[in-house]
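Okay, structure first, notes after.
Quantities reported herein were computed from a predicted structural model and do not represent experimental measurements. Reminder, nothing fancy here: chain letters follow the sequence lines and each chain counts from 1.
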Amino acid sequence: MACWLVKSEPSECSIDDFVAAPDRTIPWDGVRNYQARNFMAQMAVGDAVMVYHSSCQHIGVAGIVRVVRAAYPDPTQFNSESPYHDPKSTPEKPRWQAVDLQFERKLPAVIPLQTIKAAPALSDFPLVRRGMRLSVMPVTQAQWQAILALG
DNA sequence: GCCAACGTTGGC
DNA sequence: GCCAACGTTGGC
């Protein structure tokens, strides 16, 4: 089983939004970055995913969700009303993928980015690399445990 | 295929 | 709101 981390602004989608969602499940769509998309394509049902809150008061890892549907064409790319619309994408040759994520648990407290940055075991973690703006990234078993140990 | 300009991300 | 670091775009 693989592990991942996804970034989101809580004003867009927070860990609490998963609790309120039908089936506690939210389609993770709107990702428009090729590297992130390629990682999403590798996600399998059952994979664990950390939810990271960015650009907010409490920046850091806020909770854990699970992949309940593997990659499928992101419907928003075909919707001209959507801010994620991609006119260059067609249903025959979809460019972007979505996955469905289901609430697993909320961490007792957000594990702050600052704390993650300060952990020597996490110096190679993409999240803490300066300027790294990847919105979906793989997390190794060791990194996963190291992050949770900070909580 | 190069590269300058531009837009976006995201911490501070 | 600032700005550094990228990714993308488009002229050549």
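- Neither OP1 nor OP2 of dT9(B) sits under 4.0 Å from any side-chain N or O of Lys7(A).
- The nearest whole Å value for the distance from the CZ atom in Arg129(A) to the C1' atom in dT9(B) is 15 Å.
- The side-chain hydrogen bond (donor to acceptor under 3.5 Å, both in side chains) analysis of residues 48-68 of chain A, with sequence neighbours excluded, yields the pairs Arg66(A)-Glu104(A).
- At whole-Å resolution of the value, CD in Glu9(A) and P in dG10(B) are 7 Å apart.
- Linking ILVMFWY side-chain heavy atoms closer than 4.5 Å, directly or via other members, places Leu107(A) and Ile26(A) in a single hydrophobic cluster.
- Trp96(A) belongs to a hydrophobic cluster whose remaining members, ordered by chain and number, are Tyr34(A); membership requires side-chain heavy atoms of ILVMFWY residues under 4.5 Å apart, directly or through intermediates.
- Not counting sequence neighbours, Asn38(A) has no partner by the side-chain contact (heavy atoms from CB on, under 4.5 Å) test.
- With sequence neighbours left out, the side-chain contact (heavy atoms from CB on, under 4.5 Å) criterion links Pro27(A) to Asp29(A), Tyr72(A), Asp100(A).
- One atom, CG of Leu113(A), and another, C1' of dC12(B), lie 11 Å apart when rounded to the nearest Å.
- The stretch residues 139-151 of chain A participates, sequence neighbours left out, in these side-chain hydrogen bond (donor to acceptor under 3.5 Å, both in side chains) pairs: Thr140(A)-Gln143(A).
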Detail all sub-3.5 Å separations between protein N/O atoms and N/O atoms belonging to nucleotides 3-8 of chain B.
unit_1	atom_1	unit_2	atom_2	d
dT8(B)	O2	Arg133(A)	NH1	2.5

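- OP1 or OP2 of dG11(B) lies within a sub-4.0 Å distance of a side-chain N or O belonging to Tyr52(A).
- With the end axes of the helix from dG1(B)-dC12(C) to dC12(B)-dG1(C) each set by five pairs, the angle from one to the other reads 10° at 10° resolution.
- Screening residues 1-16 of chain A for side-chain hydrogen bond (donor to acceptor under 3.5 Å, both in side chains) gives Trp4(A)-Asp47(A), Asp16(A)-Lys106(A) as the qualifying pairs, with residues at least two apart or on separate chains.
- Looking only at side-chain heavy atoms (C-beta outward), Val51(A) and Phe18(A) come within less than 4.5 Å of each other.
- Sorted pairs that involve residues 115-126 of chain A and meet side-chain hydrogen bond (donor to acceptor under 3.5 Å, both in side chains), not counting sequence neighbours, are lacking altogether.
- By the side-chain contact (heavy atoms from CB on, under 4.5 Å) test, Ala121(A) pairs with Ala146(A), sequence neighbours left out.
- Counting to the nearest Å, the P atom of dG11(B) and the NE2 atom of His53(A) are 12 Å from each other.
- In this structure Lys93(A) satisfies the side-chain contact (heavy atoms from CB on, under 4.5 Å) test together with Thr90(A), sequence neighbours excluded.
- Contacts between residues 55-64 of chain A and DNA chain B, defined by a heavy-atom separation under 4.0 Å, are made by Ser55(A), Ile59(A).
- Rounded to whole angstrom, the span from the CG atom of Leu127(A) across to the C1' atom of dG10(B) amounts to 11 Å.
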